[in-house]
Amino acid sequence: MPSSTLPDRLVGVNLKMYFDAPSTTSYITAITKLFAPPASISTGVFILPSYPCLASASDLLDMTPQIILGAQNCHSEDSGAHTSEVSPLMLKQVGCRIVCLGHAERRRAPFNETDEVIATKVKAVVRNGMIPLVCIGEKSQSRIMSEGVGLAIRECSPQILSVLRAVQGDVPIIFAYEPVWAIGAQEPASADHVLAVVQDLKDLVSTLHERAEIRILYGGSAKPGTWRTLKQGLDGLFLGRFAHDVGNFERVVREVEES
Ligand SMILES: O=C(CO)COP(=O)(O)O
């Protein structure tokens, strides 16, 4: 995938901190077997392992360049006195092409990352020739039931606008719409809710960034079957627990590929 071009459809998996090193290796090895040449897929498939496994994951993915390696976060500076932080320059050097930023698990305590902090990281990722995957989403479900999608739009709009203002020109950006209340749940958010919110967010983006290559994915307890209900309005899925089983991940990728 050239760094300036995003596939129309994307399916990615966030391993979070669920996997240890040997299970990361087994998981990625199994995925490479599914999608290695001569198999060809047009869906962009990406995997976000933990930092310590990125270099070995990059080696494992060497023969399957259609599978995109990504990181789960980064610092906004390329180098300096930032003990324990991870440089976006190094992520690029070990083979990452995507960096996830502003995940709900980073926006909340104890990390409390703000839109401003996330915007500086977005700039750093773009500066290093990688693609930011920015998570957005409203916090509360109970209020949604009484307020409809208006609350979700009000919470997501500044999250999107701060990113769009941080980058100039036709830069590829992936947004993952992940309602916070749907992460770690048994079921994803309802298709009606997701499609309505994402349509409004697309309208917002198009008024500001007409030429940008932007994709909007859904995340939050997504699993096999979820795509069928969302495919008319979304560009793909950002998966968690339910794709930590290789068979489930393959099923979701095939569902997206065949739609
Ligand atoms: O947070 C997510 C992806 O980043 C989704 O996680 P779950 O699918 O486990 O809810």
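Ligands are counted one by one from 1 in listed order, and the atoms in each one are counted from 1 as well. If you're wondering where the values come from, they're calculated on a predicted model, not measured in any experiment. Each residue takes its place number in the sequence, starting with 1.
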Using side-chain heavy atoms (C-beta onward) and a distance below 4.5 Å, is [X] in contact with [Y]?
{"X": "R254", "Y": "I41", "value": "yes"}
{"X": "V253", "Y": "F35", "value": "yes"}
{"X": "S221", "Y": "F242", "value": "yes"}
{"X": "L69", "Y": "R97", "value": "no"}
{"X": "V86", "Y": "N73", "value": "no"}

query = So is K16 in contact with ligand 1, going by heavy-atom distances below 4.0 Å?
reply =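 Checking ligand 1 against K16, which is what was asked, there is a heavy-atom contact under 4.0 Å.
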inquiry  = I'd like to know whether ligand 1 has F242 as a neighbour, heavy-atom separation below 4.0 Å.
reply    =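 For ligand 1, residue contact (heavy atoms, under 4.0 Å) with F242 is absent.
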Nearest protein heavy atom with distance in Å, relative to [atom]:
{"atom": "atom 4 (O) of ligand 1", "result": "H103 NE2, 2.9 Å"}
{"atom": "atom 9 (O) of ligand 1", "result": "R241 NE, 2.6 Å"}
{"atom": "atom 2 (C) of ligand 1", "result": "E178 OE2, 3.3 Å"}

request  = Kindly confirm or rule out an N or O of S221 lying under 3.5 angstrom from an N or O of ligand 1.
outcome  =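 Min N/O separation from ligand 1 is below 3.5 Å for S221.
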task = Could you tell me whether G184 and ligand 1 have an N or O pair separated by under 3.5 Å?
result =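 In this structure, G184 places an N or O atom under 3.5 Å from an N or O of ligand 1.
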ask   = With atoms numbered from 1 as shown, which atoms in ligand 1 lie under 4.0 angstrom from a non-hydrogen atom of F238?
value =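 Atoms satisfying the 4.0 Å criterion: 3 (C), 4 (O).
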query = Pick one: which of S50, S56, C53 meets side-chain contact (heavy atoms from CB on, under 4.5 Å) with T24?
reply =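 One option only clears the test, and that one is C53.
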request  = Quick one: sort the Y27 and F249 rings into parallel, tilted or perpendicular, breaks at 30° and 60°.
outcome  =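 If you compare the ring of Y27 with that of F249, the planes turn out tilted.
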query = What part of N14, side chain from CB on, backbone N/CA/C/O, both or neither, has a heavy atom under 4.0 Å from ligand 1?
reply =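 The part of N14 near ligand 1 is the side chain, not the backbone.
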